[in-house]
Structure formats: structure tokens, C-alpha cells
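First comes the structure, then the notes that go with it.
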Amino acid sequence: MTIRFRHMAKADTDPAVSLDATTARRLLKQMALIRRFEERTEEQYTRARIGGYCHLAIGEEASSVGAIDALQPGDCLFASYRDHGTALAVGSPASAVMAELFGKVTGVAHGRGGSMHMLDVERRFFGGWGIVGAHLPIATGAALALEHTRQPNAVLCQFGDGAVATGSFHEALNLAAVWNLPIVFQVINNLYGMGTSVEQSSAEPELWRRAAAYRMHGERVDGNDVLAVREAVSRLLDQARSERRPALVETITYRYRGHSVADAGKAYRTKEEIDSWRERDPITRFGLFVAERGLVSHDEIETVWQEVAAEVKDAIDRALAASAPARDSLYEHLYGDPHSPEQFGRMQAGAPFGERGEGHSWPT
Amino acid sequence: MTIRFRHMAKADTDPAVSLDATTARRLLKQMALIRRFEERTEEQYTRARIGGYCHLAIGEEASSVGAIDALQPGDCLFASYRDHGTALAVGSPASAVMAELFGKVTGVAHGRGGSMHMLDVERRFFGGWGIVGAHLPIATGAALALEHTRQPNAVLCQFGDGAVATGSFHEALNLAAVWNLPIVFQVINNLYGMGTSVEQSSAEPELWRRAAAYRMHGERVDGNDVLAVREAVSRLLDQARSERRPALVETITYRYRGHSVADAGKAYRTKEEIDSWRERDPITRFGLFVAERGLVSHDEIETVWQEVAAEVKDAIDRALAASAPARDSLYEHLYGDPHSPEQFGRMQAGAPFGERGEGHSWPT
Amino acid sequence: MADVTYREALRRALDDELGRDESVFLMGEEIGKFEGSYKVTAGLWEKYGARRVRETPISEEGFIGAGIGAAMLGLRPVVEIMTINFILVAMDQVINHAAKIRYMFGGTVGVPMVIRAPGGAGAQLTAQHSQSLEAWFAGCPGLKVVAPATPADAYGMLKTAIRDDDPVLFCENLIMYNVTGTIPDDPEFTVPFGRAQVAREGSDLTLVAHSYTVQRALRVADRLAQDGILVEVVDLRSLRPLDMDTVAESVRKTNRALIAEEGWSTYGVGAELAARISRVCFDDLDAPVERVGSAEVPMPYAKPLELAALPLESKIEAAARSLLAECGIV
Amino acid sequence: MADVTYREALRRALDDELGRDESVFLMGEEIGKFEGSYKVTAGLWEKYGARRVRETPISEEGFIGAGIGAAMLGLRPVVEIMTINFILVAMDQVINHAAKIRYMFGGTVGVPMVIRAPGGAGAQLTAQHSQSLEAWFAGCPGLKVVAPATPADAYGMLKTAIRDDDPVLFCENLIMYNVTGTIPDDPEFTVPFGRAQVAREGSDLTLVAHSYTVQRALRVADRLAQDGILVEVVDLRSLRPLDMDTVAESVRKTNRALIAEEGWSTYGVGAELAARISRVCFDDLDAPVERVGSAEVPMPYAKPLELAALPLESKIEAAARSLLAECGIV
Ligand SMILES: Cc1ncc(C[n+]2csc(CCOP(=O)(O)OP(=O)(O)O)c2C)c(N)n1
Ligand SMILES: Cc1ncc(C[n+]2csc(CCOP(=O)(O)OP(=O)(O)O)c2C)c(N)n1
Ligand SMILES: [Mg+2]
Ligand SMILES: [Mg+2]
């Protein structure tokens with residue numbers, strides 16, 4: 001895919017984009033934390049401490065961190081199943097994210113969600129979702145709620161390039177536009193959906209151009225440039241908050257690993273391609289930039305890497321030490337209405353074995 | 001809605017567009033037939049000879065006839081539920097269309113479909129469909145079959161402006177474009193989907209512009225100009241047949257009646273608006289044009305109206321005389337595989353009353 | 001007590017709840033200026049405005065999803081799906097999302113959303129517009145599915161649904177909108193979920209039904225009463241939760257059970273009921289539980305064929321008589 | 001006779017049919033270069049090319065619809081839905097279109113399409129990826145729904161499905177892909193629909209199951225055999241058509257029936273079976289028909305919770321024992 005950066009923000013060369021040392025260190029550390037966390041996750045998976053599907057975001061740290069750093073208190077975030085880094089970026093404790101992967105009660109989703117369904121309601125992260133495209137209408141509904149209750153906030157909805165082919169993408173963007181909702185749709189274009197290239201899945205491979213079909217603002221930025229992503233998403237979120245205008249932003253990035261830990265990721269792309277992207281590594285690149293600018297020294301960068309390594313090690317230790325959900329919590333929180341127990345109270349008679357034999361009262 | 005005819009074909013003023021007398025008379029007669037047929041249908045409905053929903057296309061004759069006249073043998077046609085005129089335009093006998101409305105065995109769908117589900121497989125008209133947007137993927141599949149078997153034909157898929165908001169529209173157009181399928185999507189934009197204006201339902205109210213999202217050719221023509229519609233659709237079908245390129249054409253027209261016979265059609269639009277469209281009536285307009293050009297004389301036009309009136313009267317008489325489907329044909333054609341009877345043969349035991357008490361053998 | 005149509009009962013419930021709770025809003029196609037395809041929302045757009053009564057494009061997947069998102073943030077959307085047949089394009093949002101979110105979120109987020117959808121057949125609307133699909137939703141944990149059969153229940157249960165903190169599929173019926181009955185004037189009147197109702201008492205046979213079929217069942221009971229056969233009609237009212245106690249109690253008294261529904265019997269609502277009745281009333285039944293439903297074909301248009309396919313009184317009565325005949329009665 | 005996995009049996013059936021009939025083609029996500037998410041189509045893209053093995057974008061509604069249209073024109077698409085959970089976004093195409101077209105067209109057009117979709121749970125794939133939804137499709141007239149439980153049946157039934165002129169939902173199971181068994185070498189070998197199979201003979205209890213649950217049932221039968229309890233395992237193979245004769249015959253012999261399935265019991269496959277068995281074997285049953293299914297919750301991730309939710313051998317065995325205990329056996 002030949003990428004023409006129509007609107008590429010030149011943040012890493014353009015002094016106009018101001019950047020203080022604290023911010024620089026924060027962004028660097030968050031990206032480093034995700035990188036380290038994902039590498040250890042891969043290893044933990046091979047040690048069979050993690051089950052189910054497991055999708056790593058190694059290489060995509062800037063698209064995730066840059067965008068999420070643009071969120072303000074009260075804003076809402078929705079993401080896809082490639083969401084370990086998403087949770088870390090919103091500030092969920094690494095130990096709680098790892099605990100989720102290990103299926104422990106201390107996990108962000110109490111061990112019920114695993115890799116694909118991270119969440120952190122306190123931090124307004126409303127989930128990693130598993131049905132491609134399906135969370136776009138839901139995120140649009142969150143924006144509708146903000147608009148309906150006249151809250152001065154916005155929603156950031158992240159999804160992959162593969163989701164653009166789904167009917168949900170179309171319905172969500174059209175609704176957001178006809179209703180003038182405060183939402184920014186971020187397509188994290190890593191050039192592939194599993195083994196399918198963007199050219200194969202999208203008749204218009206320049207995904208940002210899809211926005212025009214909804215008279216919506218669209219733009220593309222270098223998704224490996226954390227500052228460019230942050231600048232664009234902040235600007236678009238501001239617009240969404242103040243002018244109630246939705247937007248579509250495409251951040252071009254790359255996943256070094258396969259689609260999931262079960263995919264080597266080599267059948268559908270060349271080694272050359274993968275290497276060429278490693279040369280644009282978002283973390284290395286940002287590290288050089290901040291060092292050169294004297295915002296974070298080389299020594300300090302070393303320290304950052306040591307800090308995150310320690311943090312992830314500690315996360316693993318805590319997650320290992322934590323306990324799994326109790327078997328008898330199986331039916332908890334299926335229903336939340338206070339009347340549910342009495343509503344289901346008379347459903348026992350003739351109930352199938354499992355629902356009765358184990359002596360469960362009806363689920364709430 | 002302010003209509004800017006970006007690509008409006010000027011067929012009715014431009015001598016360049018050749019038109020012979022035979023064609024002129026054919027187009028005029030088909031439009032007149034539909035007009036008359038729909039008027040009598042409305043009347044038959046009030047006489048309770050027709051049940052269910054009933055959607056009339058009065059005012060939209062040019063969009064339908066102009067496009068369908070562009071089809072060549074072997075091409076396939078798919079349409080929405082506003083399809084009485086569609087069947088007439090492909091050449092289904094008026095008596096068989098009216099018989100379908102009356103629920104008679106002689107109906108085009110054997111009395112099983114009614115108003116929404118006209119069809120004529122011999123003439124490659126694969127149905128009027130009732131779920132908005134849903135027939136677009138199916139029509140795309142027909143185009144896939146033509147492509148797969150390397151047949152030199154194309155598909156014409158007609159639908160309303162309301163369908164543009166559905167996920168099916170998006171998925172179908174994207175598939176047709178990534179797969180280079182021979183299909184022309186015709187959105188018959190009559191400015192409303194029930195009581196919802198195009199501005200309310202579509203963030204980009206210039207529907208032809210949606211094509212760009214799929215790098216597909218799009219254009220808008222005056223849907224009340226039968227020659228403009230015919231010219232555009234012929235050209236695009238040719239392209240589809242020869243170059244395997246899909247296209248989206250928007251024909252702007254108007255329905256004088258309500259959404260269905262149950263809707264007065266006045267709650268959401270003004271009398272002025274309706275009247276202004278009557279002034280652009282597709283049939284009157286074409287009549288004047290062909291008379292002035294000396295292609296069809298005023299007397300002949302009179303004759304045409306008498307012919308279609310007689311044809312529709314005859315259709316009603318035949319439809320009335322025809323018999324309703326036999327009660328015991330209820331289970332016919334549910335399954336078509338020759339093994340189905342034996343496959344279902346052992347499903348009797350313990351079957352619910354209706355399926356057994358009436359002594360039906362299992363449905364085929 | 002006022003005598004109103006099923007349609008008006010629904011309209012009042014919506015009006016009441018829009019009035020008493022700011023977080024309630026309506027969403028759907030043609031529910032505003034057009035007053036709803038079946039006029040259930042008549043007048044509410046004028047009264048509450050376009051924010052509280054939000055008209056949508058034809059995007060069921062999109063706006064049911066939007067309802068879920070709005071509900072997750074604490075609003076109480078009441079989404080109208082013009083007919084239940086169209087919910088099939090939004091099935092993923094209902095089953096994979098609305099039903100699962102509270103559980104996946106460990107109770108920290110809920111989806112207090114109501115989906116109103118009329119189903120049923122009988123108006124020659126044909127194959128794609130005549131289905132009764134409630135059994136599929138009733139089989140999905142996390143959802144509540146109700147199907148009131150009278151104006152009073154429509155009024156009371158819609159209010160309960162809107163106040164409920166869980167996603168509720170509220171099944172209406174096209175033919176029933178004009179059925180009339182009395183509803184209490186008390187705006188605080190509600191009808192709880194999971195409570196079936198004995199709509200008519202009898203000792204010879206228990207006839208179980210839901211939604212419009214209850215009306216048919218009552219007419220069948222009338223007819224049979226003329227021959228001295230006393231049919232007890234049990235109106236299920238909700239399918240999930242299901243009130244089996246009331247059903248079982250009735251069957252223990254009558255020793256015979258017939259289930260009628262407008263959907264397809266095989267793998268339908270009646271299957272679950274027959275399975276449970278056969279189990280819990282194993283020693284009480286004089287004869288096997290019988291079921292009647294629509295003919296298992298896509299609904300045809302022609303009136304004679306549609307009538308042949310529907311579970312009309314005649315068909316239900318015949319099933320009742322053959323069941324009683326098996327037991328040596330009549 | 002070759003010993004192969006369930007996966008390989010499917011691959012061979014696809015290879016055979018692609019080879020023998022030009023009108024057959026495959027369509028789905030990642031079925032080409034990627035060889036299928038579960039590698040069922042491995043090698044076929046290389047062998048038959050991109051026209052016969054067509055990779056699709058993530059547009060289930062779009063390409064199931066496209067399969068329908070292609071089938072209406074006489075092709076025989078075999079559409080792979082990566083897991084059955086994703087078919088919910090295409091439900092309208094399957095239920096409102098594929099199932100109804102032949103009937104609506106009065107037999108002049110058919111939809112000879114196969115939809116292959118693996119379902120089931122057990123790999124910690126959580127709430128949105130662990131469902132067994134076949135009961136809903138089995139309840140829809142116009143569809144055929146099959147769920148083979150062995151490599152031989154997978155091979156023979158997939159070939160039957162592809163040659164069938166009606167739309168077939170072919171249910172596979174994620175856990176079962178690696179199960180091995182022998183399949184005949186005869187490329188003309190097919191297994192008919194509507195024929196259940198007695199997978200193991202016994203006289204004390206009839207244990208009915210389909211898909212992967214049949215394997216569990218056989219293990220339960222082994223265990224119980226050690227206590228001298230002889231369980232007859234009936235493998236349904238197809239859910240629509242349903243072979244009740246074989247089931248009834250078995251129950252008449254054993255006088256006891258237990259149904260196990262991986263889906264949710266309430267309104268599930270077992271409901272229809274329990275209803276029919278209770279009816280046709282009314283005088284033969286020593287005890288009520290019993291059912292076991294997955295716990296009625298969205299599937300949780302943590303292993304202990306997933307195990308608690310699944311209808312494991314232990315749960316099926318316990319149900320069998322308590323049923324037999326009711327009858328004074330063991
Ligand atoms: C509706 C649906 N269809 C198919 C899948 C299976 N699936 C999971 S991830 C994926 C690829 C998505 O690619 P993309 O959107 O680009 O996200 P990425 O994995 O690249 O981050 C597919 C096809 C699914 N989860 N949901
Ligand atoms: C998926 C779906 N949602 C809703 C409906 C109800 N409905 C029938 S026609 C219609 C309006 C369609 O308008 P348009 O596409 O512009 O066609 P027109 O009636 O103007 O010819 C609606 C909402 C439906 N049939 N299918
Ligand atoms: Mg991607
Ligand atoms: Mg319209």
C-alpha cells in the first residue's frame with residue numbers, strides 16, 4: 001500500500017507543536033509500558049497462563065497512546081478487541097489488565113472478559129469489543145447520551161481497518177452525522193484485517209475519504225507519530241465537544257506480530273514489509289525525537305524502560321497471586337433490576353437439570 | 001430539497017439523442033399503462049379486492065420505465081416492494097400482475113406474494129422485496145454469478161432513497177466495487193422514505209455522491225425524464241457488461257400518493273410541493289415532447305390511453321375470474337430438493353397438532 | 001377505569017413515563033411527525049419534541065446499537081422497531097450486546113432499554129412481514145421478553161419495562177392494536193413480569209397462550225363452554241421470565257394441557273412449555289401436552305392460504321377436542 | 001477407510017465437490033491465503049484459485065446475501081461464517097430471504113446454498129464467541145439444519161448439503177475440529193439428512209445429543225457402563241429435518257430419556273425433543289424427560305467459570321444418575 005499522507009502532521013519536525021518534558025515523558029512511558037506489557041503477555045500466553053484469543057498491539061502504540069492522551073475527564077472511549085494497550089493507556093493498573101488475561105477476580109472485568117473485553121468504567125473506558133464493527137453504533141449511542149443530556153464531552157471510538165466494510169460502520173457514521181453527535185471515529189489502519197489487505201477489503205483504500213460520504217470531516221495522520229495523532233485527535237475532540245461535529249480520523253500504523261498469537265503473520269506479507277515498518281517504530285522514533293530536543297535524556301529513557309519492565313513484572317506477580325472467580329459467582333450480575341429475583345422466582349417448575357439440579361435460585 | 005442536476009441529461013431538448021417513433025410509442029405506452037394500472041389498483045384496494053400493504057408508484061413511471069427499457073436479454077432486475085410498475089415494465093401481463101394483487105393462482109407469484117413481491121423469472125425479474133436494503137446484497141450476488149460464469153450480462157438493482165441508510169447498501173456497494181461486478185445500482189429518489197425526507201435520513205443528501213466512497217462512478221439524472229434515465233442507465237449497463245464496472249445512478253422523482261394506500265401523504269409535505277411536481281409530470285412531459293417532435297401524434301396518444309385503459313380493465317376482469325390458490329397447496333415448494341420428502345419423512349413422531357392433525361405429510 | 005384500545009394503552013404508558021422521567025426517550029422510524037407506522041406514538045412528538053421522540057433513518061442495527069450506548073450511560077431509551085421482522089437486521093446488537101453487557105461488565109454497567117416491536121400475522125402482509133420470533137429472544141439469557149394480551153397489561157407492563165434496569169423485548173401484535181379493554185387511571189399502575197394470569201377459569205383443560213393468541217383462546221373457551229367443556233385459559237404475559245408455577249398449578253387441576261401460539265410450533269414457545277409441563281406435571285397428565293401454531297411455511301399472501309396457515313380458533317378448538325376425546329371426554 | 005480429523009474430513013468434502021461440480025464455489029473471510037481461521041479450507045485456494053475460493057471483506061450480511069443471489073442464478077455457494085456468533089449480523093438474509101425464496105417464488109427459483117459455521121464453547125472465547133444458536137435456525141421453515149458429530153458424518157453430510165437444492169446451515173464445532181475418526185475413501189459417499197444414528201446401544205436410558213455433545217455423551221455412557229448402566233446414545237445429526245422415529249424407538253425400549261446440548265436449555269433444541277418424546281412416548285416413559293445444557297449466562301472467560309457453565313460429562317452424568325435414581329435404578 002502506498003501511503004500518501006494528505007494531512008500528515010509534522011509534529012516531530014515542526015517546533016510549532018509545543019511539547020513539555022512531563023508530557024514527553026508520559027507519552028514515552030505509556031508507549032514503553034504497552035510494548036513491554038505485550039511482549040510479556042506473548043510469553044505468558046506460551047506458558048498457558050492466558051486462554052482464548054489474544055491480540056497484541058506491538059507496533060501500534062502511538063495510535064493508541066496519542067489518541068487516548070487527547071481525552072478529557074468525562075469523555076468516553078470505546079475500542080476493539082485489540083485492547084490491552086487501550087486499558088493501559090487510560091490508566092488501568094497493569095496488574096488489573098494482566099489479571100484479566102489470567103482470568104482472575106482482580107482483573108478489570110473481574111475475569112469475565114479476558115483479552116478481548118478489557119474495560120474500566122471509572123475511567124470511562126466502555127470496553128474492548130469482539131464483533132467487528134458492532135461497537136460503532138454503541139459508541140454513537142454514548143455520544144447521543146452526551147448530546148441528549150447536554151454534557152460538554154465527546155466520545156472517541158477506535159476500530160480497525162477491517163471494520164470499515166461492515167454495515168455498522170455505515171449506519172453509525174450516518175447517524176452521528178445526521179444527528180450532529182460529539183464523536184470522533186478513529187480507524188486504526190494497520191494495513192490488514194487478519195490476512196486481508198485494505199485494498200482487498202475496501203473499494204476506497206484511503207479510508208479517511210469515507211468520511212465524505214457523510215459530509216463529515218476526515219483526515220489521515222501518521223499513526224506511528226504519537227504527536228501527530230495526539231494533535232489531530234485533540235483538535236477533532238475539541239470540535240466535537242464545542243461544535244457537536246463528528247469526524248473520522250485514520251491513523252496509519254502496523255502490527256509487527258500476527259493477527260493473534262495463533263497467527264505467525266507471515267503468510268500474507270513479506271519480511272521486507274515488516275522490517276520497513278520496524279524502521280519507523282513509534283517508540284524508537286519518539287525516543288530519538290525527545291532526546292534530541294533535550295526533553296528526555298537518554299539516561300532517563302533507560303530509566304523509563306526499567307520502570308515499565310518492573311511494573312509489568314510486578315503486574316504478573318500480582319496477577320499470579322490473585323484468585324480466580326468463585327464458581328458460585330457464575331450467575332451474578334446477569335440481571336440488575338432489583339425485582340429480577342422475584343420476577344424469575346416462579347420460573348423453577350420443570351426447569352432443565354442444570355438450572356435446578358445444582359440448586360441455583362434463578363439468576364440475577 | 002434543492003436539486004442541482006449535476007449531470008442532468010438534456011434528452012428532451014437535445015436532438016442528439018435519437019429517438020424513433022416505435023420506441024417513443026413504447027415508452028409512452030408503458031408509462032401510461034403503469035399510471036392507469038396504479039389508479040385502478042387504488043380503486044380496487046378501496047373495494048377490498050386487495051389486502052396487505054399496497055405501495056403505488058404514480059409519478060415515478062419514468063424512473064422505472066426508462067431504466068428497465070435499457071435492459072437487454074439475459075440481464076437481471078431486482079427491485080423494492082413498490083413494484084407493480086416494475087413488473088409491467090418488464091412485460092409481465094397486466095392480468096397476471098392484477099391477479100397477484102387479488103391473490104389468485106394466475107398471479108405472477110401464484111398469489112403468494114401480493115403487492116410487495118412481484119416477480120417474473122422468465123423475464124429475469126427476480127423480485128420485489130420487502131426488507132429495505134436487503135435485496136442489494138442479493139442483487140450483488142446475481143452479478144457475482146454472471147461474472148463467475150462469464151456471462152456478458154449485467155444486473156440492474158432498484159431501491160429507494162431510504163435504503164441508502166442501511167448497512168446492506170454499504171456492504172453491497174463495497175463488495176460490487178472490490179469484486180468489479182457488472183451491476184448498476186439505481187436509487188429511485190422520490191425525496192421521502194415514508195414521512196422521512198432525504199435530508200433527515202442521509203448525511204449526504206446528494207445520494208449519487210455516495211458512490212465516491214467506493215471509488216465507483218455515480219451520477220444523478222432527472223428521474224421524470226424517461227429519455228435521460230434510459231440514456232444514463234443504458235450507458236452504465238453497457239459499461240457494466242463490457243468493463244465489469246459497477247455504478248450508482250440516482251433518479252430524482254416524486255410519488256404523488258402517500259407511502260402506501262394507508263398514508264394520505266400530507267402530514268410531512270405541502271400541497272405546493274406536490275403540485276410543483278405534478279407540473280413536471282413524466283408522462284405529460286414526454287407526451288408533449290414526442291407530439292412536438294412528430295413522433296407520436298396527439299390522436300395516437302389518445303389511442304394509447306384508450307389501449308391501456310382497456311388492457312387494465314381486461315386485467316381486472318381476468319383477475320376477478322381467476323381462482324384463488326387451493327388450500328392444500330399451502331405446503332408446496334417449501335423445499336425443492338428431490339430428497340426432501342424422504343428427509344422429512346421421519347419427523348412426524350410427536351409433531352405439533354397442526355403439522356399432523358390435518359394429516360399433512362411433511363412439507364416439500 | 002377507562003375503556004381504551006391496546007394502541008392507546010401503549011401510548012398512555014409512553015406518555016406517563018416520558019412525563020415522569022427525564023431519562024426516558026423514544027427512538028424509531030416514523031415515530032414523530034408520522035405518529036408511528038401504527039400510530040402508537042401519536043401526539044408525543046408534538047408534546048415532548050424531537051429530542052425526546054427521536055426519528056431515525058432506516059438503520060435498525062445503528063439505532064438499536066445507539067439505544068444500547070445511550071442506556072449504558074444511564075438513559076432509558078424505548079426503541080420502536082416497526083415490526084419484529086426488521087429486528088433480524090439488528091440481531092447482533094440485541095443478542096451479542098444488549099443481553100450480555102451487564103454480565104460482561106460485572107454489574108458495573110447496565111442496559112435499561114426497551115425494544116417495542118409488533119409481530120404476528122393476519123393482515124396479508126406475507127412472508128417477510130408476518131413472523132412471531134419471540135421464542136428466539138426468550139431463549140437468550142440477559143434479556144427479558146414480555147407479550148401482553150390486553151390493554152391493561154400493555155399499559156402496566158410497558159411501564160414496568162421502561163422502569164426495569166435490564167433490556168426488555170416488548171412484543172406487541174399488529175392485529176391487537178384495535179382490541180379494547182379497560183385500564184386503570186392510576187399512573188402508578190404497573191404489572192410485574194413473571195406473573196402469568198388465569199384469564200378464564202376452567203376444570204377440563206388448560207389452554208396456555210400469549211399475546212393475541214390469548215384472545216383466540218378465550219373465544220375457543222366460549223365455544224367449548226357451550227358444550228359444557230370448561231377450559232382454563234392461562235395468559236403467560238412474559239416468556240422470560242416464565243411463570244411456570246401458575247401454569248403447573250392449572251394443569252394439576254385440569255390434568256390436560258394445550259399450548260397455542262402464533263409462531264411456528266417446532267422449536268417454538270410451546271416446545272419449552274410442553275417440555276416443562278410434561279416434566280413437572282408428569283403424574284398429573286391424562287394425555288400428552290398438545291401444541292398448535294402457525295403452519296410451518298413462510299406466510300403466503302392469498303387470503304385462503306393465510307387463513308389455512310394461521311392458528312385460528314377452529315384449529316385450536318379441533319386440537320382441544322381431539323385432546324379431550326383422547327381422554328374420553330366429548 | 002482413512003483415519004482423519006473432523007477438519008480434514010470437511011476439507012476433503014469441499015475438495016471433492018469443488019472438483020466434481022463447476023457450479024460449487026467457496027466464499028468467506030480468510031478462507032484463501034490464510035487457509036481459513038480454523039484451517040478447514042487449507043490448500044483449496046492454491047488448487048482452485050481465487051474465483052472458486054473467494055475471500056471476502058468483513059461483510060457477513062453482504063456476502064451471505066451475495067451467496068443467496070448467486071444461488072438463485074444456479075450456482076452452489078458454500079459460505080463460511082468464521083463462527084456462528086457472527087451470523088447474527090446476517091440473520092435477516094438467512095431468515096427473511098434464504099429460507100423463504102423458493103416458497104415465495106412458487107418453486108421457480110431455489111437457493112442451493114450451504115452456510116458452514118462452527119459454534120460451541122470451551123476455548124475461553126467468552127460471551128460473544130461461545131454460543132450455540134442452531135435451535136433458532138432449526139425453527140425456521142425453509143431451512144435445513146444439520147450438526148454432524150463425527151468425521152465420517154462431517155464428510156458425508158457436507159457433501160449431501162452441497163448437493164442439496166435447499167439452503168442448509170451446516171453446524172460445526174470449534175472443539176471438534178481435531179477429533180479423529182475414519183472416513184470412507186469413496187468420493188460418492190454421502191450421509192442423508194433426517195436420519196439420526198444410534199451411536200451406542202443400551203437399554204437403561206436414551207441419551208440424545210448432537211454435534212460435539214455426542215462425544216461427551218459417549219464418554220458418559222462409558223463411565224456409567226462401569227456401574228453396569230447401559231446408556232443408548234442417539235446422535236441426532238440433523239435438527240431440521242428431525243428424525244423422531246429413531247429417538248422414539250429408542251425411548252420405547254429404554255423408557256427413559258435425557259437430552260444434552262451445548263446451547264442454553266430453555267427454549268433450546270432439547271425443548272422440542274422433550275416435548276415430542278413426552279408426547280409420542282407418553283405411555284412408555286418411567287420418568288420425565290430430563291435436559292442438560294449450558295448454564296444460562298453469557299459465557300465467562302475465567303476457566304473455572306467456563307467449566308462451571310459448560311455441560312460437561314460430570315453434569316450429564318449427574319443428570320443421568322438422578323433420572324435413573326428416580327426410577328429406582330442405582
Ligand atoms: C462480524 C465479525 N466478523 C468476523 C469476525 C472475525 N474477526 C475478528 S478480528 C477480524 C479482523 C479485523 O481486522 P481489523 O478491523 O483491521 O482490526 P485489527 O485486527 O487489524 O486490529 C476478523 C475478521 C468478527 N470478530 N466479527
Ligand atoms: C429493514 C426495514 N426497516 C423498516 C421497514 C419499513 N419500511 C417499509 S418502506 C419504508 C420506507 C422506504 O423508503 P424508500 O427506500 O425511500 O422507498 P420508497 O417507499 O420511497 O419507494 C420503511 C421504513 C422495512 N420494510 N425494512
Ligand atoms: Mg487491521
Ligand atoms: Mg423514497
Side-chain angles (χ1 to χ4, degrees), chain B residues 76 78 109-113 117 119 121-122 126-127 129-131 133-149 151 155 167-168 170-176 178-179 181 331-340 342-352 362-363, chain D residues 23 25 51 54 56-57 59-75 77 89 92-93 96-97 101-110 112 141-142 144 160 163-166 192-196 238 240-248 275-281:
Chain B
C76 304
F78 289 77
H110 315 86
R112 285 180 168 193
H117 304 302
L119 53 90
V121 176
E122 266 167 46
F126 290 98
W129 298 93
I131 307 298
H135 65 289
L136 278 73
I138 298 175
T140 302
L144 175 62
L146 295 176
E147 167 62 15
H148 192 90
T149 55
Q151 290 171 55
V155 174
S168 297
H170 178 71
E171 296 193 3
L173 269 73
N174 188 59
L175 289 178
V178 287
W179 289 342
L181 301 181
Y331 286 96
E332 278 171 18
H333 305 302
L334 178 57
Y335 294 98
D337 189 85
H339 298 98
S340 296
E342 82 204 43
Q343 289 175 356
F344 281 89
R346 298 163 65 85
M347 197 168 169
Q348 289 309 302
W362 265 82
Chain D
S23 66
F25 73 101
R51 286 176 81 85
R54 186 175 290 267
T56 68
S59 306
E60 285 82 2
E61 190 170 26
F63 66 78
I64 285 190
I68 293 171
M72 288 174 78
L73 262 65
L75 295 183
V89 301
D92 170 73
Q93 289 293 343
N96 278 334
H97 296 84
I101 284 172
R102 180 182 294 279
Y103 190 84
M104 291 172 76
F105 279 69
T108 57
V109 162
K144 295 178 182 178
T160 301
R163 299 178 188 190
D164 197 284
D165 295 330
D166 299 308
F193 292 170
R195 294 286 179 279
S238 35
R240 190 180 194 96
L242 190 61
D243 173 3
M244 281 304 298
D245 290 352
T246 299
V247 173
R276 289 184 179 231
I277 293 170
S278 300
R279 186 169 187 282
V280 67
C281 302

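Naming: A, B, ... by sequence-line order, numbering from 1 per chain.
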Below 4.5 Å, heavy atoms only, C-beta onward: do B:Trp179 and D:Pro57 meet side chain to side chain?
yes

Name the member of D:Ala275, D:Pro141, D:Ala71, D:Gly110 that forms the most heavy-atom pairs with chain B at distances under 4.5 Å.
D:Pro141

Apply side chain to side chain contact (heavy atoms under 4.5 Å, CB included) to B:Glu147 and D:Arg51, showing your working.
CA-CA 10 Å; B:Glu147 167 62 15; D:Arg51 286 176 81 85; 3.5 Å; yes

Value rounded to 0.5 Å, distance of NE2 in D:His97 from CD1 in B:Ile138
4.5 Å

What is the distance from atom CD1 of D:Ile68 to atom CZ of B:Phe126, rounded to the nearest 0.5 Å?
14.0 Å

I need the D:Met104 CE to B:Trp129 CH2 distance, nearest 0.5 Å.
5.5 Å

Given heavy-atom pairs under 4.5 angstrom as the criterion, report whether the side chain, backbone, both or neither of B:Ala139 touches chain D.
neither

Does D:Ala196 offer a backbone N or O that forms a donor-acceptor pair with the side chain of B:Arg346 under 3.5 Å?
no

Under 4.5 Å from any heavy atom of chain B, what part of D:Leu75 do you find: side chain, backbone, both or neither?
side chain

When heavy-atom pairs shorter than 4.5 Å are enumerated against chain B, which of D:Gly106, D:Gly107, D:Ala248 gives the highest number?
D:Gly106

State, yes or no, whether a side-chain contact exists between D:Arg163 and B:Asp337 at a heavy-atom distance under 4.5 Å.
no

Separation of B:Gln343 CD from D:Asp166 CG (nearest 0.5 Å)
7.5 Å

Heavy atoms only, distances under 4.5 angstrom: which of D:Gly74, D:Gly194, D:Pro112, D:Ala66 has the most pairs with chain B? Name it, please.
D:Ala66

From B:Ser340 OG over to D:Arg102 CZ, what is the distance, rounded to the nearest 0.5 angstrom?
8.0 Å

Between D:Phe105 and B:Arg112, is there a side-chain heavy-atom distance shorter than 4.5 Å?
no

Could you grab the distance from atom CG of B:Asn174 to atom OG of D:Ser59, nearest 0.5 Å is fine?
6.0 Å

With a 4.5 angstrom heavy-atom cut-off, could you sort out which part of D:Glu61 is near chain B: side chain, backbone, both or neither?
both

So which residue, B:Gly111, B:Ala134, B:Gly130, B:Gly127, ends up with the most heavy-atom pairs under 4.5 Å with chain D?
B:Ala134

Do D:Ser23 and B:Thr149 have side chains that get closer than 4.5 Å, going by heavy atoms?
no

Mind checking whether D:Leu73 and B:Gln151 have side chains closer than 4.5 Å, heavy atoms only?
no

Heavy atoms of B:Ala145 and D:Ala70 approach each other most closely as CB-CA, 3.9 Å

Measuring heavy-atom distances to chain B, does D:Phe63 have an atom under 4.5 Å in its side chain, in its backbone, in both, or in neither?
both

Given the options B:His170, B:His148, B:His117, B:Glu122, which has more heavy-atom pairs under 4.5 Å with chain D than any of the others?
B:His148

Quick check on D:Ser278 against chain B: is it the side chain, the backbone, both or neither that has a heavy atom closer than 4.5 Å?
neither

Heavy-atom distances under 4.5 Å only: say whether D:Asp243 touches chain B with side chain, backbone, both or neither.
both

Using non-hydrogen atoms and a 4.5 Å limit, figure out which bit of D:Ile64 sits close to chain B: side chain, backbone, both or neither.
neither

List the atom of D:Gly62, the atom of B:Pro137, and the distance in Å for their closest heavy-atom pair.
O-CB, 3.6 Å

Any B:His339 side-chain heavy atom under 4.5 Å of D:Phe193 side chain
no

So, for B:Pro338 and D:Asp165, which heavy atoms are closest and what is the spacing to 0.1 Å?
CD-OD2, 3.4 Å

With a 4.5 angstrom heavy-atom cut-off, could you sort out which part of D:Pro192 is near chain B: side chain, backbone, both or neither?
neither

Would you mind telling me which of B:Ala109, B:Ala172, B:Ser168 has the largest number of heavy-atom pairs within less than 4.5 Å of chain D?
B:Ser168

Checked D:Thr246, D:Val247, D:Val89 vs chain B; the most non-hydrogen pairs under 4.5 Å come from D:Thr246

Check each atom of D:Asp164 against the heavy atoms of chain B and say whether the ones under 4.5 Å are side chain, backbone, both or neither.
both

D:Arg54 portion near chain B, given a 4.5 angstrom heavy-atom threshold
side chain

